[in-house]
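Here, residue 1 is the first one in the sequence, and each next residue gets the next number.
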Amino acid sequence: MFVSFAASSYREYNGMMESARIEARAHFNEIVNMRHWAATLGGLYAPITRHTQPNPFLEGRVEERDLTTPMGKKLTLLNPAYITRLLSTNLVLDYGVRGRLISADPVWEDNRADDWEAAAIKDFVTHRRNDLIEVARVNSTENMRYIAPLYLQKPCMKCHEEQGKIGDLRGAISVAIPMAPHYQVARGQIVFLGLAHGGIWIVGLGGIWFFGGRLGETIRKLRRSETVLNEAQKISHIGSWTLNHQTSKLTWSDEIFNMFGFAKSDFGGRYQDFLLVVHPEDRDRLDRAFWDSVKRDTPYDFVHRIIRVSDGRERYVHERGEHETGKDGVVARSIGSVQDITERVLAEQELIRAKEQAEQANHAKSEFMANMSHELRTPLNAVIGYSEALTSGIFGDFENDKQREYVSDIHKSGQHLLELISDILDISKIEARQVELYEQNLDVADLLSACVGRVQYMLDQSSLTLSVERPGHLPHLFADERRVVQVITNLLGNAIKFTPRGGRITLSARIDEAGGYAFCIEDTGIGIPENEIEKVLLPFVQIGDVMTTPQQGTGLGLAISKSLVELHGGALILESKVGAGTRVTVRFPASRVG
């Protein structure tokens, strides 16, 4: 009986130690998987809270460490090390488990190794060990301590480039499981065994049940840790996989089975089983991309389609992976993640289709307007020509002044309509990208004189004063003469239309501070409300109330002028204030100054 009790106690002790080792490795794998998941994403953005403050280590290393959403919510980047520290904190709070990153050259003081961890890291460097697990003290209490080395991989270099190169020992991940609960379980079991051996004929069956229950609790704790990881993957539609190249064994997380519609019982655990799920049109490309990355030992990143086994539906997934090499330098294991991005891909495709349809509709509209404008100009030119001939007296004098007035009205209306049709034709060509520039070196003095001459009749009729200001000598402007005259004349016409009698208009030309040409048209007119300035630069837009005058147009003049200036690589800037007037500046780049 004593030998049986001793043997049973010994087995219980070994079982308790193995249980502690399993729990330590389980929590270690949880931290490693979470860190790998975060590293493949390049980190996560989270709201700034008391627990998630901006990482000072990223300041100056990552340009977009902190962001503000369109709704004004402040976010900060949680890099993989930061996420690992948060997970470790939760492990301590939920399970009393102490897990943390250990750095060989710590930036954070919390990442500095204690004596046991420092000795383990030294042993990794000296003997190239893969891990170390044993019972050791932490703060005077015994713990099952597990530690494994952490080598720099490509995703780590974004934050740790200055601290080493890929493959260097960066530190380790350490997990400490308090042994007190396990000792308590073991002591209870040993006491129970003593009682059971003394009265086995009475409580034998009950003892077996009790033992099984306590061991089951430990197993349930391990399963709860696995469930937490599976739930996180389910929420984010991300699954993880591992391929052992030595055994050809492929392992999937639960979310990949759900994503692929694959029953676990039908999965053979081979790479070829995975290829059967891949869309036939993507299969060869994916296979080549994966094995090329294995051969070169480079990260694996691929978007492809799958055909779900359960229902035959087509889905889009994004795969990422990395490879781990053995002591011989050959890739021994590949690990990675799969994310379902079907909704995102479909949304992008829908946006592309909508954009193409809108562009086609806009092109058809512009082409229609251009054709119609062209068809209208032919009969309209005849109307204008005949009205001019009648006015000149070629066909004889008018019988009375009323006839002369009617013919004059016909001529004016025809000219006005021709200007409107010309504007429509111009904006249609601009939208259809059919405007060609015939560029040459232009004398700016002659250019300004031509513009003033075109609006002189309007000035005489409106009793306005126009001043032209320019230095004595100005260099040439390399541009399309017809289009530049059209822009300046249009802007002068607007100034005349919207400036009351007795007002002043100034036209000036100069070389600006950037070395380019700046033409400025300034008036003392009625002005434009500040909230309407952007609108008047759009095609067919006219504003009412303060802008209402007897002279109206299509609302295309400013839009055409802005587009023609931009075709020259320049910019049109509109400044205005109600009751104080308007200033329009047309800028051409320094490259057009000759």
Side-chain angles (χ1 to χ4, degrees), residues 17-18 20-40 57 79-85 87-88 91-92 97-139 142-179 242-247 297 299 321-336:
M17 294 296 289
E18 184 60 23
R21 294 188 191 98
I22 291 173
E23 184 177 355
R25 287 192 174 98
H27 286 298
F28 173 87
N29 290 332
E30 183 178 1
I31 294 173
V32 169
N33 284 331
M34 183 60 72
R35 182 179 180 279
H36 174 73
W37 172 71
T40 57
F57 177 70
N79 63 326
Y82 200 156
I83 294 173
T84 303
R85 286 196 296 276
L87 176 62
S88 300
L91 287 175
V92 173
V97 176
R98 179 175 179 263
R100 66 194 193 108
L101 287 172
I102 305 302
S103 175
D105 181 17
V107 174
W108 296 87
E109 191 60 27
D110 291 342
N111 292 350
R112 187 173 299 280
D114 60 22
D115 293 341
W116 183 85
E117 292 163 337
I121 293 175
K122 183 177 180 180
D123 193 49
F124 294 152
V125 174
T126 305
H127 300 100
R128 303 294 293 178
R129 293 184 60 169
N130 292 327
D131 60 3
L132 175 64
I133 185 167
E134 63 183 18
V135 175
R137 289 188 174 276
V138 177
N139 297 330
E142 289 191 346
N143 284 257
M144 178 62 73
R145 305 197 66 176
Y146 180 71
I147 186 171
L150 185 63
Y151 297 99
L152 279 177
Q153 297 178 342
K154 191 168 184 179
C156 308
M157 302 307 291
K158 185 175 183 180
C159 297
H160 299 286
E161 182 177 5
E162 64 189 31
Q163 294 176 300
K165 60 182 185 298
I166 296 175
D168 286 349
L169 180 66
R170 178 71 186 90
I173 295 179
S174 173
V175 175
I177 307 297
M179 290 301 296
T242 303
L243 176 62
N244 188 319
H245 292 278
Q246 296 175 341
T247 62
D297 191 14
E322 296 178 352
H323 312 292
E324 297 179 355
T325 56
K327 295 180 179 179
D328 55 1
V330 178
V331 172
R333 187 175 71 146
S334 299
I335 57 177

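Taking each heavy atom of A113 and A118 in turn, the nearest pair found is CB-N, 3.8 Å. Counting all heavy atoms, side chain and backbone alike, A24 lies closest to V175 at O-CG1, 3.9 Å. Taking all atoms of both residues into account, the shortest heavy-atom contact from A176 to V138 is CB-CG2, 4.4 Å. Contact record, S334 with H245: OG-NE2, 2.6 Å, taken as the closest heavy-atom pair.
Taking 4.5 Å as the limit, some side-chain heavy atom of T325 sits within range of a side-chain heavy atom of D297. You'll find the side chain of F28 stays beyond 4.5 Å of the side chain of D131, heavy atoms only.
A distance of 10.5 Å separates CZ of R21 from CD of E134, quoted to the nearest 0.5 Å. The NZ atom of K122 sits 10.0 Å away from atom NE2 of H127, with the distance rounded to the nearest 0.5 Å. Note: R145 CZ to R137 CZ = 12.0 Å, rounded to the nearest 0.5 Å.
Put simply, the side chain of N29 gets close to the backbone of R25: a donor and an acceptor are under 3.5 Å apart. At least one donor-acceptor pair under 3.5 Å links the side chain of D114 to the backbone N or O of W116.
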Requested in this report: Might you work through the side chain to side chain contact (heavy atoms under 4.5 Å, CB included) test for M144 and M17, ending with a clear yes or no?
Outcome: CA-CA 8 Å; M144 178 62 73; M17 294 296 289; 3.6 Å; yes

Report task. Might you work through the side chain to side chain contact (heavy atoms under 4.5 Å, CB included) test for F124 and I147, ending with a clear yes or no? Result -> CA-CA 10 Å; F124 294 152; I147 186 171; 3.9 Å; yes

